[in-house]
2 protein chains.
Amino acid sequence: MEFDPTRPKWQQIAEEITRRIKSGQYPERFQLSEVRLAAEFGVNRDTIRKATAALRDAGLILTVPNLGTFVRSTEDDQGDA
Amino acid sequence: MEFDPTRPKWQQIAEEITRRIKSGQYPERFQLSEVRLAAEFGVNRDTIRKATAALRDAGLILTVPNLGTFVRSTEDDQGDA
DNA sequence: CTTTATTTGTCCGTATGTATG
DNA sequence: ACATACATACGGACAAATAAA
């Protein structure tokens with residue numbers, strides 16, 4: 001992916017992942033590995049974590065500590081019900 | 001058991017096992033199986049092994065290779081006599 | 001004796017959490 | 001943003017020793 005040098009990479013990556021979720025390319029429960037994403041986007045894992053943190057805040061993904069990061073499904077507890 | 005996500009599971013499990021030993025729920029010579037404990041606490045065996053390693057360092061339990069892990073009794077060789 | 005089950009020891013791989021430069 | 005290292009946790013697999021059937 002080509003990055004716009006005027007905006008943060010993590011932001012652009014978060015947008016790209018959002019597109020993939022919305023389009024169904026990343027279905028519910030799909031696992032998003034930080035290491036794999038870092039390799040795919042050619043960035044540091046630290047940058048991927050900034051992107052996934054934003055997606056987590058947006059409620060699009062869910063992270064289970066020490067296990068993995070997944071696309072949120074309708075059955076996931078939203079925490080603020 | 002419920003885990004405090006801010007502290008390592010192996011640490012909390014070690015504390016729980018310590019309570020059981022102190023209270024007599026796990027008497028002297030009582031056998032602690034890694035596989036059983038992992039199933040009971042709902043964690044990986046690796047996590048149990050980290051907990052038992054700490055208890056072993058604390059001198060509370062004794063592990064006989066390929067045989068089992070047991071609550072230490074007063075007749076056990078402490079190794080530093 | 002052989003078979004089966006149990007238990008610890010070890011190693012591999014994967015993933016996130018945290019911390020340091 | 002990056003590079004690196006280590007800690008924590010899970011899953012699986014296999015070996016070696018032991019015990020019991």
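Quantities reported herein were computed from a predicted structural model and do not represent experimental measurements.
Among residues two or more places apart in sequence or in another chain, the salt bridge (Lys or Arg N to Asp or Glu O under 4.0 Å) test is passed with B:Lys50 by B:Asp46. Shown here are the salt bridge (Lys or Arg N to Asp or Glu O under 4.0 Å) partners of A:Arg7, two or more places apart in sequence or in another chain: A:Asp4, A:Glu15. Under the side-chain contact (heavy atoms from CB on, under 4.5 Å) criterion, B:Arg20 pairs with B:Glu16, B:Gln25, B:Tyr26, B:Glu40, B:Phe41, sequence neighbours left out.
Across all strands shown, B:Ile13 has no heavy atoms under 4.0 Å from either base or sugar-phosphate atoms. When heavy atoms are screened at a 4.0 angstrom cut-off, B:Leu32 is found touching the sugar-phosphate backbone but no base atom.
A heavy-atom distance below 4.5 Å is not found between the side chains of A:Trp10 and A:Thr52.
Expressed to the nearest 0.5 Å, how far CD of B:Gln12 lies from CD1 of B:Ile17 amounts to 12.5 Å. Taking CD of B:Glu28 as the start and CD1 of B:Ile21 as the end, the distance is 10.5 Å to the nearest 0.5 Å.
Of all nucleotides in DNA chain C, those with any atom nearer than 4.0 Å to a heavy atom of chain B start and finish, going 5' to 3', at C:dT7 to C:dT10.
Atom C1' of nucleotide D:dC2 and atom CD of A:Glu34 are separated by 15 Å, given to the nearest angstrom.
Across all strands shown, D:dA1 remains unpaired; no Watson-Crick or G-U wobble contact has both distances below 3.5 Å.
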Exercise for the section: Scan nucleotides 9-21 of chain D nucleotide by nucleotide, 5' to 3', and note B when protein non-hydrogen atoms come under 4.0 Å of the base, S if they reach only the sugar-phosphate, - if neither. Expected result: BBB-B--BBS---
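In summary, B:Glu34 and B:Arg49 engage in a salt bridge, as defined by a charged side-chain N under 4.0 Å from a carboxylate O.
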Please report, to 0.1 Å, the donor-acceptor pairs under 3.5 Å made by any side chain of residues 54-69 of chain B, with sequence neighbours excluded.
residue: B:Arg56; atom: NH1; partner: B:Thr63; partner atom: OG1; Å: 2.7
residue: B:Thr63; atom: OG1; partner: B:Thr69; partner atom: OG1; Å: 3.3

